[in-house]
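A quick write-up on the structure given underneath.
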Amino acid sequence: MQIASVIVDVPTKQTDRAFDYFIPEQWRGVIQPGMRVIIPFGPRNIQGFVIGLKAESEFKKLREIIAPMDLEPVLNKELLELGNWLTESTLCFKIFAFQVMLPAALKAKYEKKVKLAIGAAVADLPKPLHAFFENDVLLDWEDALKSGIVPLLQKEAAKGHLEVIYMVKERVKKKQQKYIRPAVSLDELIEEIDRIPAKAEKQRQVLRYFIENFNEVELKKLVTDVNTSVSTVKALVEKKLLKEFEMEVYRNPFEHRTFKRTKPLPLTEAQQTAIGPILNALEQNQHEVFLLYGVTGSGKTEIYLQSIQEVIEKGKEAIVLVPEIALTPQMVNRFKGRFGDLVAVLHSGLSAGEKYDEWRKIQRKEVKVAVGARSAIFAPFENLGIMIIDEEHETSYKQEEMPRYHARDVAIERAINHNCPVVLGSATPSLESFARAQKKVYHLLTLPNRMNKQSLPSVEIIDMREELREGNRSMFSRKLFEMLKDRIEKRQQSVLFLNKRGHSSFVMCRDCGYVVNCPNCDISLTYHRVNEQMKCHYCGYESYVPKHCPECNSEYIRYFGTGTQKVEEELGKILPEARVIRMDVDTTGRKGSHERLLTDFKDGKADILLGTQMIAKGLDFPNITLVGVLSADTMLHLPDFRASEKTFQLLTQVSGRAGRHQLPGEVIIQTYTPEHYSIELAGRHDYDLFYQREMMIRKTHHYPPFYYLSLITVSHEQLFTVVSATEKIVSYVRSHVSNEAVVLGPAASPIPRINNRYRYQCLIKYKREPNIIKTLKTILDQYQKDTKSGLQVSIDVNPYILM
Ligand code: ADP
Ligand code: ZN
Ligand code: ZN
């Protein structure tokens with residue numbers, strides 16, 4: 001096996017296939033499928049993934065692999081196959097499919113360097129460059145830029161004296177620590193101690209330490225334990241009585257925390273009924289998808305924990321997915337509390353190095369459970385016993401860049417390979433999942449009641465139009481204001497929720513209604529109070545708020561929309577005695593601040609927690625008795641067929657924050673459209689009726705779960721080019737699908753221009769189209785090959801964002 005098939009780190013159509021490389025003698029038997037290697041590609045050295053080995057190649061002149069980057073494969077056989085499946089099912093480049101399965105730290109970074117070309121000498125270069133290239137050094141491109149010698153370098157490169165190379169650099173180093181251990185036997189140590197001169201009492205103490213604990217110990221710990229110095233220890237190392245060595249240690253992001261260990265709770269009857277079929281599937285090593293449908297606080301997590309317990313006892317492993325924003329320390333504690341060090345946690349709050357360490361624990365089989373956000377579904381376990389997706393309805397489980405995968409689909413694909421169950425949990429299941437459960441594709445398990453037998457909090461819906469009519473122009477209804485005041489007097493806590501999604505602060509002229517848009521994108525600029533600037537969230541364009549309206553010259557041009565800061569200000573005016581903690585992207589940017597703010601709130605350091613989506617989940621504090629939703633309907637007006645579903649889910653979720661313990665909870669929902677069914681039914685906690693209503697609408701309009709969707713988006717700088725290309729695509733699709741399919745387009749995208757590129761789309765709705773993937777792939781291939789035209793075509797199979 002002297003040839004390796006390698007997927008190279010160049011994401012283009014032309015390079016989206018395996019290339020054959022010759023394995024030099026020294027690496028034969030070492031290089032294996034699933035390892036990363038450094039390979040020459042064109043003029044550069046880049047990274048690639050070995051996907052297979054073979055004895056012969058159909059190509060004659062093969063280049064050689066330069067070196068392996070791993071000592072053991074980073075992708076096992078199952079994950080390599082999963083990569084192929086991802087490539088096929090999401091229509092992405094192979095290299096993206098492999099990269100997405102690895103922690104960011106293992107994604108290659110390239111360093112640009114300049115070196116003397118082969119055959120050239122320092123003397124060939126002009127004098128000013130000599131110092132840079134003496135002793136064969138590689139010059140950092142960054143340094144070259146700083147020194148202002150780039151033009152000189154370019155001239156010399158053109159003459160063939162210099163060349164630019166790219167070096168693959170690993171992003172993180174494994175963290176090493178110094179350890180000390182005895183270099184001789186225990187008997188010899190005891191003998192040696194007497195030979196040490198009395199004046200070197202410190203050295204004797206160190207040896208006594210090792211006689212008592214004949215084991216390895218970290219150098220730092222040794223020095224503190226014996227109260228000695230590094231030089232004393234080194235002296236003994238020089239005498240060859242002790243030995244110093246380095247060992248990999250993990251950065252432990254949870255180091256400062258202790259976890260209170262918990263024991264399995266005796267399950268209630270409802271929980272027993274629900275867990276039965278899961279345990280049964282585990283017993284039989286049987287693949288099955290369960291939908292665990294239960295309101296917040298109904299005991300789903302305890303079911304997850306006990307199912308995992310069973311999996312661990314069988315010697316297998318578990319993956320638990322939790323949406324990024326719900327991955328709070330509280331959530332993590334529940335798993336660490338039950339399974340201690342057997343749990344690895346993967347979330348975006350960790351540094352690249354910490355994430356890599358957690359991933360290594362999984363790879364080295366030191367843990368049994370991985371808890372994490374979306375990408376944790378690729379945890380490199382080899383003996384999976386269960387995969388659990390909590391809050392399965394969350395759209396953050398869909399990745400919005402290549403590969404555009406949904407974690408639920410990946411889980412099911414992996415579970416089939418491992419013959420194991422998947423548990424999807426939610427209080428408000430996605431319509432897709434609930435419909436599958438109704439059709440018995442998924443096995444429905446229900447937990448109808450809250451654990452504490454508390455009824456769900458009472459919800460009152462306030463019509464804000466009515467408030468306005470009666471002269472209340474504040475963002476707080478009179479009722480909400482009264483209740484906030486009441487809670488402060490009773491020393492109970494409130495949560496105020498501001499729905500920011502689809503609702504940003506924009507700048508508008510009060511006289512003529514002119515809205516300031518981005519000059520590059522057809523979308524309004526977002527006002528940022530911090531620097532008093534307006535910014536485009538799509539292309540990054542920034543500008544100051546104009547003093548006068550560009551249309552009518554009125555000076556009444558100002559920003560609209562309510563940000564959390566503005567709410568905080570208003571609270572300060574109307575309830576000056578309230579202590580408020582604000583949680584949004586601005587206050588939680590720094591590492592650990594999220595946790596600190598929550599702890600402060602939990603410790604009673606504030607009366608009101610004010611925040612965005614971020615606070616909708618996972619909060620479980622006994623003293624919260626009031627939840628206020630400031631603007632329930634901002635999401636309803638988005639061009640998204642899931643808008644009602646998302647509104648219902650979010651309101652239900654937020655309401656669930658109140659009254660989870662002894663004290664009963666109340667919820668106030670403020671809205672301008674109280675009659676909308678998603679708001680009304682969320683107020684009545686009626687998922688079943690919501691499901692029925694929404695299903696009817698989906699059926700009428702040919703949307704999921706009745707139809708599948710695929711979205712093709714085309715963009716180009718010239719409007720004409722976009723429209724005609726989209727037309728061609730639409731007619732190609734039409735001629736390749738059955739009559740049952742609906743092909744819409746060409747139509748301008750809801751955001752018709754981003755970064756000066758016009759955007760058009762074709763939306764396909766279909767039921768059974770066995771050839772659809774092939775058809776879409778043909779379209780992609782066609783346009784990806786043709787890079788000169790400047791057309792960009794992207795395809796999202798089962799899209800969650802239609803903009
Ligand atoms: P969910 O995940 O559905 O929101 P949890 O599993 O968090 O619900 O349960 C809600 C509360 O009830 C938690 O405080 C949990 O510790 C408690 N709980 C769950 N199951 C039991 C049980 N069998 N006996 C006693 N308390 C339980
Ligand atoms: Zn104006
Ligand atoms: Zn823009």
Side-chain angles (χ1 to χ4, degrees), residues 72 74 76 78-79 101-103 174-175 247-267 275 278-279 281-283 285 299-322 324 326-351 353-390 407 411 414-415 418-423 425 595 618:
E72 54 205 305
V74 290
N76 60 36
E78 184 223 338
L79 291 178
M101 298 193 236
L102 296 176
K174 289 165 196 162
K175 192 170 159 190
M247 196 157 73
E248 181 183 348
V249 293
Y250 296 123
R251 283 154 277 234
N252 184 357
F254 301 99
E255 213 153 37
H256 56 290
R257 267 186 241 139
T258 48
F259 295 97
K260 206 163 88 207
R261 292 305 290 260
T262 60
K263 291 218 174 66
L265 301 166
L267 296 180
I275 203 173
I278 302 176
L279 297 181
L282 289 177
E283 182 94 0
N285 295 323
K300 295 189 292 296
T301 310
E302 188 61 34
I303 290 188
Y304 304 154
L305 291 168
Q306 299 200 14
S307 305
I308 295 170
Q309 181 89 45
E310 190 62 30
V311 165
I312 294 177
E313 275 162 23
K314 290 188 69 171
K316 296 191 176 185
E317 299 127 1
I319 297 177
V320 184
L321 295 194
V322 177
E324 186 69 56
L327 203 50
T328 56
Q330 283 183 317
M331 188 73 188
V332 170
N333 284 356
R334 295 193 65 180
F335 290 88
K336 288 246 172 188
R338 194 65 59 88
F339 306 115
D341 289 341
L342 292 180
V343 180
V345 182
L346 300 157
H347 70 86
S348 67
L350 305 178
S351 69
E354 287 166 344
K355 244 185 268 175
Y356 172 65
D357 286 351
E358 295 292 296
W359 182 85
R360 294 263 301 157
K361 288 186 201 163
I362 299 169
Q363 208 202 14
R364 290 176 148 197
K365 304 190 170 30
E366 294 170 2
V367 293
K368 291 285 185 185
V369 185
V371 181
R374 183 176 62 223
S375 63
I377 201 61
F378 298 112
F381 285 126
E382 289 183 350
N383 203 5
L384 275 170
I386 198 168
M387 277 169 281
I388 294 167
I389 305 187
D390 192 30
R414 289 195 77 181
H418 287 269
N419 284 318
C420 76
V422 172
V423 179
E595 189 186 346

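Counting from 1, the numbers follow the sequence of the chain as shown. The structure displayed is predicted, hence computed values, not measured ones.
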> Can you name the residues that form a ring-ring contact (aromatic ring centres under 6.0 Å, His included) with Phe381, not counting sequence neighbours?
Replying inline: none
So which atom in [X] and which in [Y] form the shortest heavy-atom distance, rounded to 0.1 Å?
| X | Y | result |
| --- | --- | --- |
| Gly315 | Asn383 | O-ND2, 3.5 Å |
| Ile377 | Ile319 | O-CD1, 3.7 Å |
| Glu358 | Val343 | OE1-O, 4.3 Å |
| Asn76 | Pro380 | ND2-O, 4.0 Å |
| Met331 | Val322 | CE-CG2, 3.9 Å |
| Met387 | Ala411 | CE-O, 3.4 Å |

>> Could you measure the distance from the CD1 atom of Ile303 to the CD1 atom of Ile275? Nearest 0.5 Å is fine.
In response: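 These two atoms lie 5.5 Å from each other.
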>> Nearest 0.5 angstrom please: Gln309 CD to Lys263 NZ, how far?
In response: 11.5 Å
>> Checking the side chain of Gln306 only, and the main-chain atoms of Leu265 only, is there a donor and an acceptor separated by less than 3.5 Å?
In response: yes
> Donor-acceptor pair, Arg338 side chain versus Arg261 backbone, under 3.5 Å?
Replying inline: no
>> One pair to check against side-chain contact (heavy atoms from CB on, under 4.5 Å): Ile362 and Leu346. What are the steps and the verdict?
In response: CA-CA 11 Å; Ile362 299 169; Leu346 300 157; 4.0 Å; yes
Just to verify, what does [X] make a side-chain hydrogen bond (donor to acceptor under 3.5 Å, both in side chains) with, not counting sequence neighbours?
| X | result |
| --- | --- |
| Asn285 | Lys314, Lys316 |
| Glu324 | Ser348 |
| Glu78 | Arg414, His418 |

>> A side-chain contact here means heavy atoms from C-beta on lying under 4.5 Å apart; do Ile388 and Ile308 qualify?
In response: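 Heavy-atom side-chain distance check passes, below 4.5 Å.
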> Do the side chains of Val74 and Trp359 get nearer than 4.5 Å, heavy atoms only?
Replying inline: yes
Validation: residues 367-376 side-chain donor-acceptor distances under 3.5 Å, sequence neighbours left out:
residue, atom, partner, partner atom, Å
Arg374, NH1, Ser396, O, 2.8
Arg374, NH1, Lys398, O, 3.2
Arg374, NH2, Gln399, OE1, 3.3

> Any Lys/Arg nitrogen of Glu382 or Lys365 sitting under 4.0 Å from an Asp/Glu carboxylate oxygen of the other?
Replying inline: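 Between Lys365 and Glu382 there is a salt bridge, with a charged N closer than 4.0 Å to a carboxylate O.
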> Going by the ring pair (Phe, Tyr, Trp, His ring centres under 6.0 Å) test, which pairs reach into residues 326-345, not counting sequence neighbours?
Replying inline: none
> Which is it for Ile278 and Ile386 under the side-chain contact (heavy atoms from CB on, under 4.5 Å) test, yes or no, and what are the steps along the way?
Replying inline: CA-CA 9 Å; Ile278 302 176; Ile386 198 168; 4.0 Å; yes
> Listed by chain and number, what are the side chain to side chain contact (heavy atoms under 4.5 Å, CB included) partners of Glu310, not counting sequence neighbours?
Replying inline: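 With sequence neighbours excluded, Glu310 shows a side chain to side chain contact (heavy atoms under 4.5 Å, CB included) to Leu279, Leu282, Glu313, given in chain and number order.
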> Who are the side chain to side chain contact (heavy atoms under 4.5 Å, CB included) partners of Asp341, not counting sequence neighbours?
Replying inline: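 By the side chain to side chain contact (heavy atoms under 4.5 Å, CB included) rule, Asp341 matches no residue at all.
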